[in-house]
Amino acid sequence: MRTVVYVFGLVASCIGLGFMTFGDAAVGCYISTVVGFIASGIGVAYNPLRHGSVLSPQDWRQHLAVVMFLA
């Protein structure tokens with residue numbers, strides 16, 4: 001799951017950079033910021049080195065809802 005989010009984040013971050021360079025800079029900054037929040041939130045919440053990192057499906061939904069709310 002984390003790998004999928006990171007790859008999505010990398011692709012979306014490149015799209016945001018393209019908008020910042022060749023299009024509307026505000027849209028590009030927004031895309032990059034939101035993607036960064038989502039990727040970092042998922043990375044922190046589901047760090048395999050963190051104690052008790054195995055989460056139930058309900059915990060996944062709760063953490064994802066918090067990350068999306070903060071973005």
Side-chain angles (χ1 to χ4, degrees):
M1 173 71 182
R2 274 189 340 147
T3 304
V4 172
V5 171
Y6 287 157
V7 169
F8 170 74
L10 179 63
V11 169
S13 185
C14 291
I15 291 171
L17 178 62
F19 270 101
M20 283 190 278
T21 305
F22 302 110
D24 188 2
V27 173
C29 288
Y30 178 77
I31 291 171
S32 295
T33 302
V34 169
V35 168
F37 278 135
I38 292 171
S40 64
I42 294 291
V44 169
Y46 306 111
N47 183 355
L49 300 178
R50 197 180 80 177
H51 178 69
S53 64
V54 178
L55 300 174
S56 69
Q58 180 164 349
D59 290 339
W60 276 85
R61 287 191 295 271
Q62 286 176 335
H63 287 294
L64 187 58
V66 169
V67 169
M68 295 302 290
F69 174 76
L70 292 176

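The shown structure was predicted, so the numbers you read here are calculated from the model rather than taken from an experiment. Residue numbers count from 1 along this sequence.
Put simply, the side chain of Thr21 never gets that close to the backbone of Gly18: no donor and acceptor are under 3.5 Å apart.
Nearest heavy-atom pair, Ser32 versus Ser13, reported as atom, atom and distance to 0.1 Å: OG-O, 4.0 Å.
Note: Leu10 CG to Ile15 CD1 = 10.0 Å, rounded to the nearest 0.5 Å.
Grouping the Ile, Leu, Val, Met, Phe, Trp and Tyr side chains by contacts below 4.5 angstrom, directly or via other members, places Phe19 with Val11.
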